[in-house]
Amino acid sequence: MAEKERITIALAGNPNCGKTTLFNSLTGATAHVGNWPGVTVDKKEGTYKKLSEPIHIIDLPGIYSLSPYTPEEVVSRNYILDEKPNCVINVVDATNLERNLYLTTQLLEIDIPVVVALNMADIVRKNGDKIDAKGLQEKLGVPVVEISALRSEGLKELMDAAYDACHHYRKGTTILEDKELAHLISDVTIAFRGKGVQSPLFHAIKLVELDEIETKMHPELISMVDEYKESHKDDIFADDFEALVADARYKYIAKNYATHYQKNEKSEKNDDGEQVTRSDKIDKVLTHRIWALPIFVLIMFLVFHLTFSEDLFFLNRWFHVEFNHEIFINICTGMGYEGEPMAGLPSPGVFLQNWMGFLTGSLIDWFRSFMPEGQWYTSLVCDGLLTGLDAVLSFVPQVMVLFLFIAILEDSGYMSRVAFILDRAFRKFGLSGRAFIPMLSGFGCSVPAIMATRTLEDKRERNRVIRLMTCFSCGAKAPIWALIAGIGALAGFAGDIFVFSIYLGGIAAAIIFALFMKLFSKDQYVSPFVMELPAYHAPQARNVGAYLWEKFKHYMIKAATIIAAATIVIWFLSNFNWNLTLGLVDIEQSILADLGRVFAYFYYPLGWAQGVDGWKYTVSTITGLIAKEQVVDTMAVLGLNEETVLLTGAQAYSFAVYNLFTIPCFAAIGAAFGEQKGKEFWLTMLWWFVMSYAVAALVFGVGALYGVAIWAGILLTLAIIGLVVAAGIIVTRRNKKVAQAA
Ligand code: GDP
Ligand code: MG
């Protein structure tokens, strides 16, 4: 006998109605809860174990209707029709009843058991409103259960009702009862039934709506619809059947369902007579026309300050409060380990960072004490593997602290407001406000930043943001800037300006590149900003924890495996010569040195690969592919430090610019590959490479010319600016013509 099929229940509903929250409560899975529709484009599965048998649960992507306009809609529709779950739980945001029930009316047309979960019951209660679930249940003809996914209320009742529904066949019903239309629908339904199609009512209605999938599959039945259309031209909708049907649905919902929601009469109202919730009041401040941006900048500054500052609240700089780090170092913080002692109080991020450095450093020393000295495998394990691992681990605390703040801001509902605030400005550059999150994360680490582009709905926008990612100097690149700021050519007068210009210049470059990407693409479409702003609520430890754990796991697995492998290769190349003489080879004669000398030719036009030390910079840049920390590490191994770097100002700038913009580390490349695949991925690699090479060559060329004669440098700079502007104007004109022709 075949194994008994598992019972499957699918969760369907509008974006942000709380499906994922419900899914997590039911399955205990540590799935991430985000605030954007689109986060759940991947299929999420889990098991509910509190019934007599395990129930398979699926979290479908958020949708507003079952028409095939978005990938989410197609995925959800096909899943319900083809995979035939035993029951669909339609999650409904009770505070937005009318809009949410629009989808419900379509779901009910399918021959499948449906249970309606009225979610956010806690908010309804808090507002002092009332829902008549019983009455709604009678009207809808399917079980209706009030729940709060966030507070895990009513879940047992919901699952009992769903489990029961799984065992009863349900025939589709429709609210489209307008005489003429109902007649047509019934005729088409009979035709579908005659063909043995399942859920004939649903398909019939979709055909009447002239939905894309249905008309393609059943062209032979369209004549029925057309005949009807001829005889029933409507004044308002002409022959737009889809609008006609949508209007009928909304009217029915307003008349028959919405009446079951009673608003609290005594609550505060706005000018339109709508209820003012606590969220609305908070939004009055946080999304204020003028104050929204300054508040946002302040919050962001605080986040970065708490993560990266070595002088918390500027206690030392402004108030001259000093802390004796001699004691700190050994007693509690591990601070100052290896580095110079700091004058101020460390931020939580730096504090943890120091601890981590102290722990891993001690661990490596301890481990080394067991290994025999002078052996090749000691060198491989200690100088190679463990040092590489140390480099990765050392950034974990700060990255995690940063993500903790982001998770809190996100779970509380603030991040969706930020995207909303920034949307207007971003739109001018062909991006939507949502692109902000991945870009911001890019200053921490490109790996999670690139993964965060998944929240962008539009594929083209996703590609653009991934390509712009290297403009945002990630944490691992910071040591490079610190080193270069201290070299002879820049030290004393221009070091801080240099670092500032790298960060600010990166942002400026991103804006210019984004503008150009927008200008040069024939398609000017930016996905519209439809996003529900969920009500604010205190961040939930479970959601934040799950988010952090997911990031941590990913960071560790990807980075650690890749870095471990790469470190072995570098160790091998720098410890062997071509005769494969084992270890203890002069590094100048190593395989690495020879390879570096070959590649140096290629980088010659960028300036820094010229001269006797050219191969060292070349090798360091290339090992930066493993991890950007590796650039400075490799330079140190090859004997390059603040005193020995003899680059000119132009060469140093070119070196920095190249390392900023170029192909990021393997982990980030892997992340990009995961998000793009195929042609788009290779285009991204090409963009990163060509763009960084070109800009670095330009920087070196212009800089060198300034060195020769100021006036020549100024002329060239003006010429370049002129060219860029001219290209922009020409392309804009061309696009306008294309748009007019179309
Ligand atoms: P999805 O897009 O349908 O998966 O929605 P999510 O599960 O991501 O939830 C969207 C937002 O609504 C999140 O901020 C949730 O914390 C919040 N939320 C979900 N269910 C409830 C609930 O029952 N009560 C309250 N107050 N908030 C909820
Ligand atoms: Mg979701």
Side-chain angles (χ1 to χ4, degrees), residues 10-46 57-64 70 72-73 75-76 88-97 99-100 103-104 107 116-129 131 133 145-158 277-280 282-283 406-420 434 437 454-455 457 530-547 550:
L11 308 181
N14 288 186
N16 277 312
C17 65
K19 278 183 321 305
T20 305
T21 311
L22 176 63
F23 175 81
N24 289 346
S25 302
L26 293 177
T27 60
T30 51
H32 166 51
V33 185
N35 287 326
W36 302 282
V39 167
T40 34
V41 162
D42 335 78
K43 187 161 147 189
K44 279 198 189 134
E45 300 177 82
I57 310 257
I58 291 212
D59 182 19
L60 294 177
I63 48 172
Y64 292 106
T70 65
E72 286 84 359
E73 284 166 348
V75 167
S76 295
V88 173
I89 291 182
N90 176 205
V91 184
V92 164
D93 175 356
T95 61
N96 266 315
L97 200 59
R99 200 201 50 219
N100 275 249
L103 174 68
T104 312
L107 283 170
V116 172
L118 286 178
N119 193 25
M120 316 252 180
D122 56 317
I123 301 185
V124 174
R125 215 169 7 190
K126 209 191 286 158
N127 292 347
D129 301 345
I131 289 193
V145 184
E146 274 184 88
I147 65 162
S148 166
L150 192 71
R151 309 196 188 291
S152 297
E153 290 167 9
L155 304 190
K156 174 98 179 54
E157 292 80 351
L158 175 68
T277 62
R278 206 179 62 186
S279 273
D280 295 339
I282 301 176
D283 266 341
I406 292 181
I408 289 174
L409 290 177
E410 197 173 293
D411 197 51
S412 64
Y414 182 64
M415 278 305 193
S416 11
R417 267 83 180 177
V418 172
F420 172 74
R434 251 173 265 169
I437 307 278
R454 207 174 295 174
T455 56
E457 270 166 20
V530 243
M531 184 156 78
E532 298 308 318
L533 297 182
Y536 288 104
H537 63 78
Q540 305 286 300
R542 191 181 56 193
N543 293 341
V544 172
Y547 181 91
E550 201 177 286

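It should be emphasised that the depicted structure is a prediction, and the values quoted were computed from it without experimental measurement. One-based numbering, in listed order, for ligands and for the atoms of each. No hydrogens, no waters, no symmetry mates; every other heavy atom, side chains included, goes into these values.
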Does ligand 1 have an atom that lies less than 4.0 angstrom from a heavy atom of C17?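 Distance cut 4.0 Å: C17 passes for ligand 1.
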
So, 4.0 Å and heavy atoms of N14: is ligand 1 close enough to count as a contact? yes

Qualifying residues under side chain to side chain donor-acceptor pair (under 3.5 Å), relative to E146, sequence neighbours excluded: none

Can you list everything that forms a side chain to side chain donor-acceptor pair (under 3.5 Å) with K156? Sequence neighbours excluded, please. D160

Check each atom of ligand 1 against the heavy atoms of [X] and keep those under 4.0 Å away; list them by number with element.
| X | answer |
| --- | --- |
| S148 | 22 (C), 23 (O), 24 (N) |
| D122 | 22 (C), 23 (O), 24 (N), 25 (C), 26 (N) |
| T21 | 6 (P), 7 (O), 9 (O), 15 (C), 19 (C) |

Out of the candidates I58, L11, L60, only one should pair with S76 under the side-chain contact (heavy atoms from CB on, under 4.5 Å) rule; please name it.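 Among I58, L11, L60, the one meeting side-chain contact (heavy atoms from CB on, under 4.5 Å) with S76 is L60.
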
Test of understanding: given a 4.0 Å heavy-atom threshold, classify the contact between [X] and ligand 1 as side chain, backbone, both, or neither.
| X | answer |
| --- | --- |
| N119 | side chain |
| I123 | side chain |
| N16 | both |
| Q540 | neither |

Check against side-chain contact (heavy atoms from CB on, under 4.5 Å), N100 and V91: CA-CA 9 Å; N100 275 249; V91 184; over 6 Å; no

Polar side-chain atom of [X] near backbone of [Y] as donor-acceptor pair, under 3.5 Å:
| X | Y | value |
| --- | --- | --- |
| S412 | P539 | no |
| N119 | D93 | no |
| S25 | S152 | no |

Could you check which of V124, D411, L150 puts a non-hydrogen atom nearest to atom 27 (N) of ligand 1? L150

The test is side-chain contact (heavy atoms from CB on, under 4.5 Å); show your working for Y414 and I408 and say whether it passes. CA-CA 9 Å; Y414 182 64; I408 289 174; over 6 Å; no

G18 versus ligand 1: do any nitrogen or oxygen atoms come within less than 3.5 Å of each other? yes

Below 3.5 Å, N or O to N or O, backbone or side chain included: is there any such pair between D59 and ligand 1?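 The answer is no, given that D59 and ligand 1 share no N or O pair closer than 3.5 Å.
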
